[in-house]
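The structure under discussion appears below in the form of structure tokens.
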There are 2 protein chains.
Amino acid sequence: METTKAYAAQQVGKQSVAFRRPPVIVGAAAVVGPMEGQGPLGGTFDHIYPDLMAGQDSFEKAEREMMTNACFIAMQKAGVTPDQIDFFLAGDLLDQIISSSFTAQKVGIPFLGIYGACSTCAQGLALGAMLIDGGFARRVLVACSSHNASAERQYRYPVEYGGQRKPYAQWTVTGAGAAVLASPDLGEGPRITHATLGKVLDLGIKDPYNQGAAMAPAAVDTIRQHLLDLGRQPQDYDRIATGDLARFGQQMAIELLARDAGLDLGDRYVDCGVLIYDNEKQDVHSGGSGCGCSATVTYGHFLQEMAAGNLHRLLLVATGALLSPTSFQQGENIPAVAHGVVIEG
Amino acid sequence: METTKAYAAQQVGKQSVAFRRPPVIVGAAAVVGPMEGQGPLGGTFDHIYPDLMAGQDSFEKAEREMMTNACFIAMQKAGVTPDQIDFFLAGDLLDQIISSSFTAQKVGIPFLGIYGACSTCAQGLALGAMLIDGGFARRVLVACSSHNASAERQYRYPVEYGGQRKPYAQWTVTGAGAAVLASPDLGEGPRITHATLGKVLDLGIKDPYNQGAAMAPAAVDTIRQHLLDLGRQPQDYDRIATGDLARFGQQMAIELLARDAGLDLGDRYVDCGVLIYDNEKQDVHSGGSGCGCSATVTYGHFLQEMAAGNLHRLLLVATGALLSPTSFQQGENIPAVAHGVVIEG
């Protein structure tokens with residue numbers, strides 16, 4: 001019988017885990033809508049849809065078409081079929097995560113629905129890696145998605161109303177990302193070495209347009225805890241990326257990191273919501289947001305950078321604003337969470 | 001380096017896992033609303049709220065008060081504080097699982113949101129057990145909830161409209177269940193020995209009142225696959241319980257089990273949605289449903305039966321209808337999933 005200590009050997013510090021045999025991303029895909037395709041990372045995506053409908057008759061069906069497509073491209077790149085995959089972990093922003101559930105029906109893999117709002121990408125990678133490294137699966141498919149029009153009409157106003165947006169508002173990314181994770185004996189690719197799971201924080205933000213402010217403290221808390229748990233410094237990473245704080249949220253995170261944690265991440269700190277659009281030429285206000293933001297930037301841009309040898313060790317901290325239309329209409333604050341995963345090229 | 005086979009040693013058959021050192025339920029709690037308290041299982045619950053508001057000013061806040069209360073009672077019974085728990089896994093029926101996210105903020109434990117509709121209870125137990133047995137956690141808190149009034153107004157009509165219900169309609173249970181799972185060196189209690197994760201099935205049901213029919217095929221598929229994976233017979237279990245098929249759904253499951261799988265579960269087959277209400281005296285039509293249904297019946301009734309020595313091995317198959325108001329208003333079918341866990345007293 002193993003000792004107690006050995007049994008929990010993969011725990012590191014208070015909120016982090018280390019993988020004994022780091023699971024590998026053996027195939028990944030990012031598909032996006034037209035605006036994301038026209039942005040500076042357009043060349044890194046596997047597929048760009050020419051319009052928001054993606055050949056479907058509703059925005060919701062378009063979103064799930066994108067997630068399904070990302071899943072099948074990721075499996076194709078991994079050289080596997082659905083019957084070779086043990087679990088499908090997916091989540092999205094739509095009520096009752098219907099993009100994920102309907103995709104799960106199409107891929108036909110045992111399904112575990114997850115929800116972490118825009119932190120879902122990192123949550124899925126962390127959980128999927130735990131299931132593989134724990135010996136419960138040999139391959140796991142993870143996916144998440146968001147769609148500008150389905151999100152806007154659910155969370156705020158139907159896009160047809162043409163409502164004015166505040167300068168700190170973000171633009172929900174239309175896109176989906178998927179990755180096949182596998183135990184390291186089953187293939188090559190970037191490795192998931194650590195994960196840090198975040199606590200839910202509520203700093204009193206109530207404005208559903210100001211999600212960057214709601215999420216920045218959660219990102220700072222998870223980055224701080226991650227470095228503390230692993231005994232690392234920011235310079236141990238080539239890149240530290242938050243998921244979708246966008247320009248206002250990233251600036252707030254920089255200030256909070258300095259003030260509350262004495263940390264200066266320097267140039268290595270980027271935000272997927274800033275990277276995905278051209279803030280000068282594209283009318284996206286503060287920048288991108290949504291589950292699809294960190295997923296498409298990670299599976300498109302970052303993995304391409306790793307393949308090119310320009311990026312070796314990435315800390316991805318995806319942030320989620322855990323509001324619902326009901327909760328903010330009832331006048332409640334917006335709680336937020338951030339989950340981190342370390343990906344090594 | 002371990003061999004490939006040893007590395008995935010906990011996989012059993014196509015969709016099941018077996019735990020090497022089965023995690024233990026060291027504390028659990030079930031809290032319910034007034035109707036559930038007046039039902040035949042009233043004496044098995046930890047707390048009965050005298051009204052649906054639970055001292056709050058909205059149904060949504062009442063639901064999260066119930067989940068929070070169940071969490072703290074479960075931790076108290078386990079003799080642990082939140083800082084001794086590594087992860088909080090929770091889900092519920094409300095859009096963006098706000099009951100769970102807001103509870104996560106109160107308990108202050110790193111949070112992994114999950115969504116499997118009414119299958120969430122089994123999904124949480126399965127995932128929590130994997131995180132512990134995989135060596136990533138020593139204790140995990142799992143929870144789920146549902147509330148009749150918050151669910152009715154979200155999924156169907158505001159209860160104040162007094163809409164007529166069809167005889168096969170179900171009554172969403174008001175209640176929450178929570179359990180502290182721990183590695184077996186940390187306490188005593190019922191053990192989680194196996195889990196079977198379900199695929200999402202769509203048999204063409206479109207009526208949001210007829211969830212029993214949507215979910216019954218998923219339950220049958222998971223029960224059949226579970227027995228196949230483990231090489232077991234129904235008589236290897238003292239009780240096989242579906243989560244919330246209610247009377248019509250259970251009858252359908254019995255017929256499908258016989259027709260499609262040649263299985264007769266006999267008297268050992270019960271449904272939590274049938275058990276929780278008195279179908280003669282309480283006006284609940286087909287019976288109970290909701291995440292809170294299987295959770296409160298499991299953490300109340302079944303665990304009490306185990307403690308009394310009347311129940312030794314339970315297969316709990318919690319079923320979830322993965323619709324959203326948007327998906328059914330857009331005329332789509334209701335996909336369903338069922339996850340199974342084996343609990344041994």
- Query: When you measure from the side chain of Glu60(A) to the backbone N and O of Thr326(B), does any donor-acceptor pair fall under 3.5 Å?
  - Reply: no
- Item | Gln123(A) side-chain N/O to Gly113(B) backbone N/O, donor-acceptor pair under 3.5 Å | yes
- Run the numbers on Asp133(B) and Phe136(A) for side chain to side chain contact (heavy atoms under 4.5 Å, CB included), then give the verdict. CA-CA 10 Å; Asp133(B) 195 41; Phe136(A) 300 101; 3.8 Å; yes
- Message: Does any backbone or side-chain atom of Glu332(A) lie under 4.5 Å from a heavy atom of chain B? Answer side chain, backbone, both or neither.
- Response: side chain
- Task: To the nearest 0.5 Å, tell me how far Met130(A) CE sits from Phe87(B) CZ.
- Result: 4.5 Å
- Give, for atom OG of Ser324(B) and atom CG of Asp95(A), the distance between the pair rounded to the nearest 0.5 Å. 6.0 Å
- If you tally heavy-atom pairs under 4.5 Å against chain B, which of Leu89(A), Thr222(A), Ile97(A) wins? Ile97(A)
- Does the side chain to side chain contact (heavy atoms under 4.5 Å, CB included) test come out yes or no for Leu112(B) and Leu127(A), once each step is laid out? CA-CA 9 Å; Leu112(B) 294 164; Leu127(A) 265 176; 4.2 Å; yes
- Task: Dump the intermediate steps for side chain to side chain contact (heavy atoms under 4.5 Å, CB included) on Gln330(B) and Asp57(A), then the final yes or no.
- Result: CA-CA 10 Å; Gln330(B) 290 183 349; Asp57(A) 62 10; over 6 Å; no
- Message: With a 3.5 Å distance limit and no angle check, can you tell me whether His339(A) reaches the backbone of Phe111(B) through a side-chain donor-acceptor pair?
- Response: yes
- Message: Just so I understand: if I count every heavy-atom pair under 4.5 Å between each of Val337(A), Asp83(A), Leu131(A) and chain B, which residue has the most?
- Response: Leu131(A)
- Message: Counting heavy-atom pairs under 4.5 Å with chain B, which one of Gln105(A), Gln154(A), Lys14(A), Gln96(A) comes out on top?
- Response: Gln96(A)
- Ranked by heavy-atom pairs below 4.5 Å to chain B, first place among Lys106(A), Lys199(A), Lys61(A) goes to Lys199(A)
- Message: Is Asn333(A) in contact with chain B via its backbone, its side chain, both, or neither, using a 4.5 Å heavy-atom distance?
- Response: backbone
- Any idea which heavy atoms bring Pro110(B) and Gln15(A) closest together, and the distance? CG-CG, 3.6 Å
- Relative to chain B, which segment of Arg139(A) carries a heavy atom at a distance below 4.5 Å: side chain, backbone, both, or neither? neither
- Message: With chain B as the partner, which of Gly91(A), Ser119(A), Ser327(A) has the greatest number of non-hydrogen pairs under 4.5 Å?
- Response: Ser327(A)
- Greatest number of non-hydrogen atom pairs under 4.5 angstrom with chain A, of Ser150(B), Ala336(B), Gly108(B), Ala117(B), falls to Gly108(B)
- Taking every heavy-atom pair that is under 4.5 Å apart, which of Gly198(A), Ala104(A), Ala126(A), Gly116(A) has the most such pairs with chain B? Gly198(A)
- Message: I'd like to verify something: which residue of Val107(B), Ile114(B), Ile109(B), Leu94(B) has the highest number of heavy-atom pairs under 4.5 Å with chain A?
- Response: Ile114(B)
- Message: Please classify the contact between Asp86(A) and chain B as side chain, backbone, both or neither, with a heavy-atom cut-off of under 4.5 Å.
- Response: side chain
- Could you give the distance from OH (Tyr115(A)) to CD1 (Ile98(B)), rounded to the nearest 0.5 Å? 10.0 Å
